[in-house]
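So the structure is just underneath, and the comments pick up after that.
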Amino acid sequence: MAFVTDDKLDLLFDPKLIPDSVRKLVGSDLHIRPLALSDYERGHLKVMQVLTSTPDPGKEAYQEAFRRMQTSKPASYFILCIIDKSKDQLLAIGSVFLEYKFIRNLGICGHIEDIAVDAAAQGKGLGKKLILALTELSESLGSYKVILDCSEENKGEPGRVGSIQDFEVLTASLPSPLTAGFYEKCGYKYKGAQMAKYK
Ligand code: ACO
């Protein structure tokens with residue numbers, strides 16, 4: 001499939017919000033951009049399967065969810081994709097959600113969520129670039145801190161790099177040595193425990 005430029009895509013947010021420093025993180029064979037409405041057809045949900053169960057809700061429901069995020073006020077949903085330009089293929093996808101607070105002088109907190117690197121593209125530095133990109137984007141949009149949850153559990157397939165599976169099981173957690181390895185290399189530090197209650 002031929003690479004589609006940003007101006008021809010219906011994007012989740014204005015690509016001008018992506019700082020130049022973030023664009024420079026990826027080489028000339030790759031491109032970083034906001035999630036596009038047409039990424040449903042580029043296998044967005046298939047890439048997310050490396051993280052957790054991501055059933056296909058159907059194109060219409062996908063598009064509704066996209067529009068809900070795209071029109072949220074204040075803008076809170078920022079999903080970045082790293083694309084292989086030669087195939088117009090999604091290689092890595094991750095999001096940062098902006099939470100608007102009263103504390104910290106009406107501070108903004110960025111929550112990194114749902115990081116997935118296509119199985120065939122793992123171990124080549126894309127995950128780290130994605131985390132750095134989301135962190136920098138969040139900071140450029142005003143966040144005073146960026147946080148993320150990663151699981152103590154490591155239930156990935158044997159032999160796969162970075163298999164930090166089953167994020168449904170968000171227990172009060174210490175990071176697994178594997179996750180900690182990855183996130184520490186992205187500049188993150190362990191800070192407290194997380195609690196969760198699932199219905
Ligand atoms: N354990 C220890 N170190 C690791 C691991 C790991 N599991 N994975 C990567 N690293 C190291 C690499 O060796 C590399 O080190 P270096 O900079 O010294 O060379 C560095 O971390 C960066 O690695 P990348 O190649 O960028 O990692 P990758 O592109 O494979 O992405 C990721 C890592 C995101 C975990 C990927 O493997 C993946 O998608 N896994 C399945 C889904 C998942 O677990 N997502 C994270 C969920 S957490 C969340 O969503 C907030």
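Just so you know, ligand 1 is whichever comes first in the structure, and atom 1 is the first atom listed for that ligand. This is a predicted model, so every value here is computed, not measured.
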Answer side chain, backbone, both or neither: which part of L130 comes under 4.0 Å from ligand 1, heavy atoms only. neither
Who's closest to atom 14 (C) of ligand 1 heavy-atom-wise, of K185, H111, Q122, M48? K185
When only distance counts, is K129 in polar contact with ligand 1, meaning an N/O pair under 3.5 Å? no
Mind checking whether A121 has an N or O less than 3.5 Å away from an N or O of ligand 1? no
Below 3.5 angstrom, do we get any N/O pair linking I115 and ligand 1? yes
Side chain, backbone, both or neither: which part of Y188 has a heavy atom under 4.0 Å from ligand 1? neither
Pull out every atom of ligand 1 sitting under 4.0 Å from any heavy atom of L51, numbered as shown with elements. 42 (C), 43 (C), 45 (N), 47 (C)
D29 vs K87, salt bridge (charged side-chain N to carboxylate O under 4.0 Å, His left out): CA-CA, chis, key distance, verdict: CA-CA 10 Å; D29 50 338; K87 301 181 191 143; over 6 Å; no
Does the side chain of H31 reach to within under 4.5 Å of the side chain of D6, using non-hydrogen atoms? yes
A student checking ligand 1 against A116 at a 4.0 Å heavy-atom cut-off should list atoms 39 (O)
Polar-atom distance check: G125 versus ligand 1, any N or O pair below 3.5 Å? yes
Close side-chain approach of L130 to I115, heavy-atom, < 4.5 Å: yes
Can you find an N or O of V117 that's nearer than 3.5 Å to an N or O of ligand 1? yes
Ignoring hydrogens and angles, state whether a donor on the side chain of D56 or Y40 is under 3.5 Å from an acceptor on the partner side chain. yes
At less than 4.0 angstrom from any non-hydrogen atom of K124, what atoms of ligand 1 do you find? 25 (O)
Passes ring pair (Phe, Tyr, Trp, His ring centres under 6.0 Å), F97 versus F78? Steps please. CA-CA 6 Å; F97 172 76; F78 295 87; 9.3 Å; no
Can you tell if the side chain of L80 reaches within under 4.5 Å of the side chain of F13, non-hydrogen atoms only? yes
Which of the atoms of ligand 1 are close to D114, meaning less than 4.0 Å from one of its heavy atoms? 50 (O)
Verdict with supporting geometry, S72 and R68, side chain to side chain donor-acceptor pair (under 3.5 Å): CA-CA 6 Å; S72 74; R68 202 158 47 236; over 6 Å; no
Applying side chain to side chain donor-acceptor pair (under 3.5 Å) to T135 and Y188, what does each step give before you reach the verdict? CA-CA 10 Å; T135 306; Y188 281 71; 2.7 Å; yes
